[in-house]
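All remarks here apply to the structure that follows.
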Amino acid sequence: MTKLIPIWENLPIHFKQNLVDKLDFRSRLNLSACSTSERDLVDSCPISIHSLYIEQHDEEGFHLKISFSKNGMVLKFNCNNRDRSVSALHRLLSHRKTKIEEEKWEVVKKIMETEQWKRAGKIHLYDCKVDAYFKNFLHVDSLKICVEKLTEAMLLEVIEVITARDPPPGSQKEYQTPKIATLLTNESRCLLIIKWKKAIEATVCRREFLNEDFLKNHGNCVTLDMI
Amino acid sequence: MSVEPEVPIVQVEEVRENPVLYKIISSDNHVFTISEHAVKLSKTLWDLITNLGLTAENALDNPIPVENVNGKNMETIVQFCERHKYDEEEPEYTNYIREFVLPEWDRQLLSIDNEELFQLILATNYLDIQKLMDYCCRVIGDMAKDKTPEELRIIYGIPTDAEDDALERSASDSPGPSG
């Protein structure tokens with residue numbers, strides 16, 4: 001009997017996908033590094049996250065611990081500002097096959113009810129449409145969220161909330177610094193809403209050229225660090 | 001049509017409760033008896049039995065030839081099916097298997113060299129035995145633990161991009177069916 005060469009390539013694709021599904025995260029990465037075909041294979045399989053643990057370590061930032069199976073390996077992400085691991089985490093969670101099942105939203109709802117969530121000063125979410133939970137995001141001082149469809153009602157709601165809220169202590173360090181900044185994005189455009197000292201302003205910008213488009217109207221004196 | 005067995009019948013496990021028995025002939029003419037409960041684990045075989053209209057009365061007189069599976073793999077498969085024929089179905093099997101630790105008996109059964117294991121997977125896929133596929137998957141997945149990409153390439157026999165390209169080039173250079 002002739003030997004099947006190469007053996008791996010003769011395995012049925014659904015078996016390979018089933019196999020990838022059973023691998024721990026590091027093994028997935030190693031398999032995807034074997035070749036382009038294997039990277040495509042791994043990318044075609046959803047990542048299953050068993051649990052997510054958020055841990056406050058210091059005032060600077062917090063750590064996320066993600067476990068891919070019960071009692072399995074735990075990945076730690078140090079989520080300080082501009083930390084490289086934030087982009088690694090973003091890449092992981094924005095995997096094109098990653099999805100949140102409907103019942104998981106119950107968990108999200110519970111998270112939104114926690115004190116930590118209510119006291120959050122800054123929420124930046126990428127590639128996650130939050131239309132259904134839109135209102136739960138409006139309490140923070142700096143917000144970046146994506147919505148599937150930006151409606152007039154939504155916009156009015158944002159403006160109403162921003163108008164009603166008192167600016168957070170210490171937010172007005174300079175005259176030209178926005179007090180509250182909110183960013184709503186869709187696929188190509190984003191709406192930047194800023195509460196200034198005496199006014200609220202909304203600017204439509206191209207998503208890719210947010211800073212350029214915004215600064216066209218405001219010059220370089222404006223600090224966009226808040227958003 | 002009945003096929004005369006050339007080798008003695010392999011009775012893998014003595015079956016209880018006077019079950020209906022079927023005969024299966026492997027590609028190398030080994031004959032195996034398998035009980036109805038066990039054979040139902042193979043969707044391919046069970047569909048075949050149903051379509052052929054085999055009954056308790058005529059089953060043993062009509063052995064089922066399986067040309068894609070050799071005797072060695074068929075023996076493993078029959079052993080596995082007999083072992084698990086009374087298992088309860090897991091409601092969420094996929095999620096269950098993620099946390100599942102392979103039973104020792106099954107680990108022993110599947111402790112074979114890599115090439116044999118890959119051949120067994122192909123046979124299992126052909127016979128469409130989901131549970132054995134999952135178990136094989138677990139064994140193959142366990143091999144990947146703490147291995148570098150280089151080691152994985154060797155263990156699984158994964159070609160590199162360069163080898164893939166070379167294979168594609170040679171396939172495109174070779175004359176087609178009409179050439």
Side-chain angles (χ1 to χ4, degrees), chain A residues 1-51 66-75 97-104 107, chain B residues 27-28 68 70-73 93-102 113-126 128-130 132-165 167-168:
Chain A
M1 183 177 160
T2 54
K3 187 183 172 186
L4 291 170
I5 297 175
I7 297 168
W8 175 255
E9 287 185 87
N10 287 290
L11 286 177
I13 185 71
H14 63 88
F15 179 87
K16 290 185 193 177
Q17 287 173 331
N18 193 2
L19 172 67
V20 173
D21 190 44
K22 289 176 174 51
L23 294 180
D24 61 47
F25 187 65
R26 202 170 295 284
S27 299
R28 279 177 70 115
L29 289 181
N30 287 338
L31 181 62
S32 71
C34 283
S35 72
T36 309
S37 311
E38 267 47 67
R39 193 185 62 209
D40 291 345
L41 168 72
V42 171
D43 281 350
S44 75
C45 302
I47 298 172
S48 301
I49 295 174
H50 178 266
S51 61
I66 297 182
S67 168
F68 294 90
S69 64
K70 195 178 177 184
N71 305 322
M73 187 190 67
V74 174
L75 279 190
K97 285 279 179 177
T98 301
K99 59 179 181 183
I100 299 178
E101 292 165 20
E102 199 54 43
E103 63 266 25
K104 301 289 192 308
V107 178
Chain B
S27 60
D28 46 1
N68 292 14
N70 65 27
K72 190 174 174 59
N73 287 330
Y93 197 67
T94 312
N95 289 337
Y96 163 75
I97 199 78
R98 194 189 306 285
E99 313 300 340
F100 182 72
V101 178
L102 203 61
D113 73 44
N114 282 4
E115 193 183 334
E116 282 178 342
L117 188 56
F118 279 108
Q119 296 292 346
L120 178 65
I121 291 165
L122 295 181
T124 307
N125 184 54
Y126 173 71
D128 198 354
I129 306 169
Q130 188 55 47
L132 184 52
M133 280 295 265
D134 275 333
Y135 280 27
C136 289
C137 213
R138 172 60 61 195
V139 172
I140 300 267
D142 286 350
M143 289 177 188
K145 272 184 187 162
D146 305 322
K147 300 291 189 302
T148 64
E150 276 305 319
E151 288 168 329
L152 283 178
R153 275 199 205 101
I154 294 166
I155 292 168
Y156 288 170
I158 300 172
T160 60
D161 280 349
E163 287 165 345
D164 264 341
D165 290 344
L167 205 66
E168 238 173 68

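By convention in this document, chain letters (A, B, ...) are assigned in the order of the sequence lines, proteins followed by strands, and residues within each chain are numbered from 1.
- Within the 4.5 angstrom heavy-atom criterion, only backbone atoms of Lys147(B) (N, CA, C, O) approach chain A.
- Nearest heavy-atom pair across Pro12(A) and Leu122(B) is CD-CD2, 4.1 Å.
- Residue Ser27(A) holds its OG atom at 7.0 Å from CG of Leu152(B), rounded to the nearest 0.5 Å.
- The most heavy-atom pairs under 4.5 Å with chain A, out of Asp142(B), Asp146(B), Ile121(B), Asn114(B), come from Ile121(B).
- Note on ring orientation: taking the six-membered ring where Trp is involved, the planes of Trp8(A) and Phe118(B) are perpendicular (angle over 60°, cut-offs 30° and 60°).
- The shortest side-chain heavy-atom distance between Leu11(A) and Tyr156(B) does not fall under the 4.5 Å cut-off.
- Considering all non-hydrogen atoms of both residues, Pro149(B) and Cys34(A) come closest at O-SG, 3.4 Å.
- Heavy atoms closer than 4.5 Å to chain A are found in the side chain of Asn125(B), but not in its backbone.
- Here the side chains of Ile140(B) and Lys22(A) are not in contact, with every heavy-atom distance at 4.5 Å or above.
- Put simply, CD on Glu150(B) and CG on Asn30(A) are 11.0 Å apart, with the number rounded to the nearest 0.5 Å.
- In this structure, Asp161(B) and Ser35(A) approach most closely via the heavy-atom pair OD1-CB, 3.3 Å.
- Met133(B) contributes atom CE, which lies 10.5 Å from atom CG of Leu19(A) (distance to the nearest 0.5 angstrom).
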